[in-house]
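Order of the sequence lines sets the chain letters (A, B, ...), proteins ahead of strands, with each chain counted from 1.
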There are 2 protein chains.
Amino acid sequence: MGVKERRARQKKYLRQEILDAASELFVREGYENVSMRRIADKIEYSPTTIYIYFKDKADLLEQVCKETFARLVQRLTKIMEQPGEPVERLKRGLIAYIEFGLENPHHYRATFMMPIPDGLDHEKYHQADSPGMQAFSFLTRGLTDCIKAGKMHATNVELAAQTLWAGIHGIISLLITQNTFPWVGREKVIHSTVHTLVAGLVR
Amino acid sequence: MGVKERRARQKKYLRQEILDAASELFVREGYENVSMRRIADKIEYSPTTIYIYFKDKADLLEQVCKETFARLVQRLTKIMEQPGEPVERLKRGLIAYIEFGLENPHHYRATFMMPIPDGLDHEKYHQADSPGMQAFSFLTRGLTDCIKAGKMHATNVELAAQTLWAGIHGIISLLITQNTFPWVGREKVIHSTVHTLVAGLVR
DNA sequence: CTCATTTACTTAACATCGTTAATCGTACTC
DNA sequence: GAGTACGATTAACGATGTTAAGTAAATGAG
């Protein structure tokens with residue numbers, strides 16, 4: 001009886017269709033401008049159907065972001081596998097992270113610039129296998145590589161990684177929300193941020 | 001005929017009352033959890049009355065944030081007036097900015113972590129007299145002080161200020177939204193960020 | 001084949017939101 | 001005292017996220 005399997009396959013298919021529709025709307029408009037009804041319209045189902053596949057709107061968009069951040073992890077993996085000078089490699093990773101954030105401003109905003117829903121999720125969030133945390137772990141890995149190569153003093157690696165994260169998150173989120181600010185130049189300020197952070201850590 | 005003046009005074013008084021009520025709710029709940037109706041309830045007026053004094057919800061909360069950021073400007077002014085070593089003074093300013101952001105997470109989020117409403121505000125925002133920009137100008141001032149004192153190379157000051165802003169904004173916004181993340185310690189990571197940025201710029 | 005159960009989905013509705021139009025009442029002007 | 005300007009209100013619109021109840025078809029057992 002492959003009937004169970006077929007049904008499961010169909011469910012999975014619709015689930016993905018919802019994710020895709022939500023993602024597309026989400027990319028064009030922001031989180032708050034995407035309504036459940038519009039997503040439902042797009043896939044030509046009733047709005048309540050979505051609630052069979054996802055707990056609520058927050059859950060749905062969390063899954064959407066998860067998909068997107070998985071692509072970031074792929075990109076970072078590729079960079080980290082490349083040989084060469086570790087500090088340069090770390091810098092390339094930072095730049096890639098920043099570019100990713102600017103390419104996917106709505107996803108980035110949803111995952112890192114939204115208040116974490118108060119509740120008991122204190123542990124559910126920030127699990128090691130979540131794409132966000134995987135991306136973060138690249139920082140610590142890149143840093144330890146630098147230390148091993150003697151390019152950096154072996155201070156608190158975790159602290160350094162968090163400092164680095166703060167820095168690149170800062171430039172991403174500012175460029176996203178304050179895009180009418182008279183920046184001295186996007187590329188320039190991105191490069192300056194990365195350079196300043198790394199220089200400050202190597203010392 | 002002081003009648004016109006009295007009316008104006010009354011208007012101003014109610015306007016301030018609305019601002020205060022909105023601010024108090026705003027501090028406790030987030031932007032999205034404060035409704036016009038609840039603000040109206042608090043001051044015991046009808047919801048539509050608010051629209052006589054403020055264009056819409058965004059306008060009202062913008063004014064609330066303006067008030068709050070004016071306090072930050074005061075604080076920064078006090079710090080910048082103090083004598084002493086300019087790099088240390090700059091650092092104290094950065095710390096004060098970060099502390100302010102963490103003390104007023106909702107106001108900070110509303111002004112710097114929200115998508116700028118698309119429209120023609122491209123110039124209205126980022127006016128030099130807005131408290132946000134005034135606060136930013138402290139960075140350039142602090143940096144030029146350092147350069148004058150020979151503590152820093154005279155590279156592009158504007159670029160350095162924007163880099164600094166990105167960095168401190170990063171740690172503020174991350175600590176606000178990702179407060180369940182296993183930080184190595186709030187104070188530690190704040191200090192590390194400031195130190196790294198300044199060290200990276202002085203080089 | 002028949003009947004009961006499960007399953008996927010929809011319709012209807014609730015509470016709440018920001019906001020506008022129409023209206024009311026009163027304090028002012030003349 | 002009549003007319004007016006203005007502050008505030010009531011009622012309503014359209015839209016939101018979400019839940020409860022209902023429907024119709026596919027599935028399983030006898």
As a test of reading the structure: which of [options] is closest to the side chain of [X], going by heavy atoms?
X: A/Ile52; options: D/dT16, D/dT9, C/dC9; result: C/dC9
X: A/Ser46; options: D/dA8, C/dT11, D/dT10; result: C/dT11
X: B/Tyr51; options: C/dC9, C/dG18, D/dA8; result: C/dG18
X: B/Arg37; options: C/dG18, D/dA8, C/dC9; result: C/dG18
X: A/Thr48; options: C/dG18, D/dA20, C/dA13; result: D/dA20

What is the distance from [atom1] of [X] to [atom2] of [N], rounded to the nearest Å?
X: A/Glu32; N: C/dC17; atom1: CD; atom2: P; result: 17 Å
X: A/Glu44; N: C/dC9; atom1: CD; atom2: P; result: 14 Å
X: B/Tyr31; N: C/dC17; atom1: OH; atom2: P; result: 14 Å
X: A/Arg15; N: C/dA8; atom1: CZ; atom2: C1'; result: 16 Å
X: A/Met36; N: C/dT10; atom1: CE; atom2: C1'; result: 15 Å
X: A/Tyr45; N: C/dT11; atom1: OH; atom2: C1'; result: 17 Å
X: A/Asp41; N: D/dA15; atom1: CG; atom2: P; result: 11 Å
X: B/Leu14; N: D/dT9; atom1: CG; atom2: P; result: 9 Å

Subject >> Test item: A/Trp183 side-chain N/O and A/Gln178 main-chain N/O as donor-acceptor pair under 3.5 Å >> reply: yes
Original post:
Within a reach of under 6.0 Å around NZ of B/Lys66, are more than 12 heavy atoms found that belong to other residues, nucleotides or ligands?
Top reply: no
Original post:
Do other residues, nucleotides or ligands put more than 12 heavy atoms under 6.0 Å from B/Glu44 CD?
Top reply: no
Subject >> Phosphate-side-chain proximity, A/Ser35 and D/dT16, N/O vs OP1/OP2 below 4.0 Å >> reply: yes
Subject >> Phosphate-side-chain proximity, A/Tyr53 and C/dC9, N/O vs OP1/OP2 below 4.0 Å >> reply: yes
Original post:
Can you name the nearest heavy-atom pair linking A/Ile43 to A/Ala21, along with the distance?
Top reply: CG2-CB, 3.5 Å
**OP:** Return yes if a side-chain donor-acceptor contact under 3.5 Å exists between B/Ser192 and A/Thr163, otherwise no.
**Re:** yes
